[in-house]
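First up is the structure itself, then whatever we jot down about it.
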Amino acid sequence: MAVRVNIPTLQVNIPKPVIIYDRRRVITAGAKRSSFWVVASNLAYFLKKYHDMEFNVIDSYDIATSITITDLWWAVKKRHLSFPPPRVVHWVDTAWKEYRVPTPSINFETLFITTSPWNQKLLKQEGIDSYLLPRAIHDEYAEKYLNPSNERKYDFAVVGTTSDPKYHDKKHVLTAYKVLKDMGEYEKSIFICMFDFCHHKSFDLTNEEVFRILSQSKWFIWLTTAEGFGMPPVEAMSVGTPVIYNDSEYVRFPVVHELNIPVEPLTYYDKVDPYMLQNRNEVAVFPYCDYNLEEVKAKFKEALKTEITEEDRLKLHDHVMQNFSHKVILPKLIDITKNYRGYL
C-alpha cells in the first residue's frame, strides 16, 4: 500500500540573475603567419594606444568579432563556411582578379571596407558597395627606424610576402634575383622570401626586424604583379627608403611618389593559380606579367646613380605618416564603423 508523504513547501528566495553583457572586442585575422595577422595585431595595438579600445586578435570568427582582416574573395564567396556574426565589418583586400569556388555565396549583413581602387572595383563587380580605406603601417617602428642617412648596409631589399614559394608572387622575387645576380649586386642586397637563396624566410622575422632591414637598404624592389594594398613598400618609404615598383593598377596606388621609380611590364596576362587549383580545388585568377630584364636592369642602375638626399628620405617618411599611419587611418575607421554598427 502506497504511503502518501507530505513534503513541506520550502520558501526559497532565488535572486534574479545578474546578466553580464559580453563587452569583449575581437578582430578576426584571415590566418596566422600571414600579413593579415600582422595587420590585425598592429590594428589592435594602436586602437589601444590612440583610442583606449581593448581588442583580442584571433584567427576564427567569434560572436564578439567586430572587424575581420581577410581576403576579399573569402569574405565575398565563402562567408557561409564560418558564419560571421551579424553586422561585422570586413576590411579586405586581395591579389586575385577573380575567384571561383564550387560553393554558393550567401548574403549576410556586413559592411565592406577595402584598401585600393582596383579592389573596390572588384567588389563593385560583385554588386557590393564599399568604403576605400588604406592599410596602416606601424607608426612607432616608422619613427624609430627612420634613417635619413645614405650610409646603408644594403643596396637593395626584396620581400616576398607569401609563405609558400608556389604562390603567385614568386615570379617577381625571381626576376629581382636574376637581375641583381647578373649585375653583381646580389651580395650587396637582402632577400626576405621562401627560396634557398633568400637570407630570411617570410614571416620568420618580426615586424620590427623587417623595419630595421628596410631602414638599412638604399632601395626597395617591389615587382610583384598584384597586391590588394601592399604593405612592404609603404613600410620601406616610412623609414626613408624609396621604391622601384611595378607600374600597374594592381600595385601603384600606395607607392606613387616622385622619388620612387616605376617599371613598366612588357605584357600582362591572366593565369589560374596552379597551387590553389591543385591543393584546394579553387580557381583563383591572377594577373601575371613578363618583364624585359634589360629594362629592369636599367632601372636598378638608374636607382644606384640617383642621389637621394636626407631631405628626400624625410619627404618619403612624412608622406607615409600623413596618409598611411594608424594615427590618420584609425579615426576614419572608427567613424565608418560607428555609422554602421553604432560602435566599434
Side-chain angles (χ1 to χ4, degrees), residues 116 134-159 161 172-173 175-177 179-192 199-200 205 207-224 227 229-248 251-264 291 294-329:
S116 65
R135 299 282 191 222
I137 50 91
H138 196 293
D139 300 20
E140 292 178 0
Y141 296 158
E143 296 290 357
K144 180 178 180 179
Y145 293 103
L146 170 61
N147 179 12
S149 171
N150 283 322
E151 296 299 320
R152 295 183 172 218
K153 185 175 181 180
Y154 309 107
D155 283 349
F156 298 99
V158 182
V159 173
T161 57
H172 92 269
V173 174
T175 298
Y177 172 71
V179 174
L180 291 175
K181 192 79 173 173
D182 187 55
M183 292 172 59
E185 279 287 331
Y186 171 73
E187 289 73 16
K188 304 173 189 176
S189 303
I190 188 163
F191 283 75
I192 304 172
H199 302 90
H200 300 281
L205 299 174
N207 197 204
E208 183 171 5
E209 288 170 329
V210 172
F211 270 85
R212 184 184 297 114
I213 288 172
L214 294 175
S215 73
Q216 296 171 340
S217 306
K218 293 179 181 176
W219 286 86
F220 181 77
I221 296 172
W222 191 243
L223 299 181
T224 184
E227 285 290 330
F229 178 69
M231 287 294 294
V234 184
E235 291 172 339
M237 289 190 293
S238 78
V239 294
T241 303
V243 179
I244 303 167
Y245 66 94
N246 176 331
D247 189 21
S248 73
V251 176
R252 75 167 70 96
F253 168 60
V255 291
V256 172
H257 191 278
E258 61 187 76
L259 294 170
N260 295 336
I261 297 178
V263 180
E264 182 68 37
Y291 286 102
E294 288 302 314
E295 183 178 345
V296 173
K297 184 188 296 185
K299 295 289 185 177
F300 290 0
K301 289 181 177 179
E302 175 188 340
L304 291 174
K305 293 177 181 177
T306 301
E307 181 183 358
I308 303 296
T309 66
E310 179 175 325
E311 183 182 359
D312 290 334
R313 296 193 187 279
L314 291 173
K315 278 182 183 178
L316 283 171
H317 170 78
D318 290 344
H319 170 74
V320 172
M321 300 308 287
Q322 291 167 17
N323 292 280
F324 306 115
S325 65
H326 280 89
K327 185 170 284 188
V328 170
I329 295 297

- Query: Is there a side chain to side chain contact (heavy atoms under 4.5 Å, CB included) between Lys144 and Phe211 once you walk through the steps?
  - Reply: CA-CA 9 Å; Lys144 180 178 180 179; Phe211 270 85; over 6 Å; no
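- Distance check: Ile137 CD1 to Met321 CE gives 4.5 Å after rounding to the nearest 0.5 Å.
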- Given Val159 and Phe220, is the side chain to side chain contact (heavy atoms under 4.5 Å, CB included) satisfied, shown in steps? CA-CA 8 Å; Val159 173; Phe220 181 77; 3.5 Å; yes
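- Looking only at atom types and distance, the side chain of Tyr145 has a donor-acceptor partner in the side chain of Glu208 under 3.5 Å away.
- The side chain to side chain contact (heavy atoms under 4.5 Å, CB included) check on Glu311 picks up Thr309, Lys315, with sequence neighbours excluded.
- Tyr291 is linked by a ring-ring contact (aromatic ring centres under 6.0 Å, His included) to nothing, counting only residues two or more places apart in sequence or in another chain.
- Between Leu223 atom CG and His172 atom NE2 the span is 6.5 Å, to the nearest 0.5 Å.
- Panel note: side chain His317, backbone Ser238; a donor-acceptor pair is recorded below 3.5 Å.
- For the pair Asp139 (side chain) and Ser325 (backbone), a donor-acceptor distance under 3.5 Å is absent.
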- Task: Show your reasoning for whether side chain to side chain contact (heavy atoms under 4.5 Å, CB included) applies to Met237 and Asn260.
- Result: CA-CA 9 Å; Met237 289 190 293; Asn260 295 336; 3.2 Å; yes
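- Across all non-hydrogen atoms, the minimal contact from Leu316 to Thr241 is CD1-C, 3.9 Å.
- Here the closest heavy-atom approach between residue Val296 and residue Val263 is recorded as CG2-CG1, 4.1 Å.
- A heavy-atom distance below 4.5 Å is not found between the side chains of Thr224 and Asn246.
- Side-chain contact between Tyr245 and Val256 is present, with at least one heavy-atom pair separated by less than 4.5 Å.
- Here the side chain of Ser215 pairs no donor or acceptor atom with the backbone of Asn147 at under 3.5 angstrom.
- Residues meeting the ring-ring contact (aromatic ring centres under 6.0 Å, His included) test with His326, sequence neighbours left out: Phe46.
- Arg152 and Ser217 get closest at one heavy-atom pair: NH1-O, 2.6 Å.
- Summarising the geometry of Leu214 relative to Ala157, their closest heavy-atom pair is CD2-CB, 4.4 Å, with the distance given to 0.1 Å.
- Counting all heavy atoms, side chain and backbone alike, Pro233 lies closest to Val243 at O-CG2, 3.6 Å.
- With rounding to the nearest 0.5 angstrom, the OG1 atom of Thr306 is 12.0 Å from the NZ atom of Lys218.
- Distance check: His257 NE2 to Asp312 CG gives 8.5 Å after rounding to the nearest 0.5 Å.
- Listed for the Asp247 side chain is no donor-acceptor partner under 3.5 Å among the backbone atoms of Glu264.
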- Message: For Trp219 and Ile221: C-alpha separation, side-chain torsions, deciding distance, then whether side chain to side chain contact (heavy atoms under 4.5 Å, CB included) applies.
- Response: CA-CA 7 Å; Trp219 286 86; Ile221 296 172; 5.6 Å; no
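- Considering every non-hydrogen atom in both Pro242 and Leu259, the closest pair reads CB-O, 3.8 Å.
- By the ring-ring contact (aromatic ring centres under 6.0 Å, His included) test, Tyr154 pairs with no residue at all, sequence neighbours left out.
- Under the rule for a ring-ring contact (aromatic ring centres under 6.0 Å, His included), the partners of Phe300 that lie at least two apart in sequence or sit in another chain are Phe156.
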Exercise answer: donor-acceptor pairs, residues 180-192 side-chain atoms, under 3.5 Å, sequence neighbours excluded:
unit_1: Asp182; atom_1: OD2; unit_2: Lys297; atom_2: NZ; d: 2.3
unit_1: Tyr186; atom_1: OH; unit_2: Phe197; atom_2: O; d: 2.5
unit_1: Ser189; atom_1: OG; unit_2: Glu185; atom_2: O; d: 2.8

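- Between the CD1 atom of Ile213 and the CD atom of Gln216 there is a distance of 7.0 Å, given to the nearest 0.5 Å.
- Residue Met231 holds its CE atom at 10.0 Å from CZ of Phe324, rounded to the nearest 0.5 Å.
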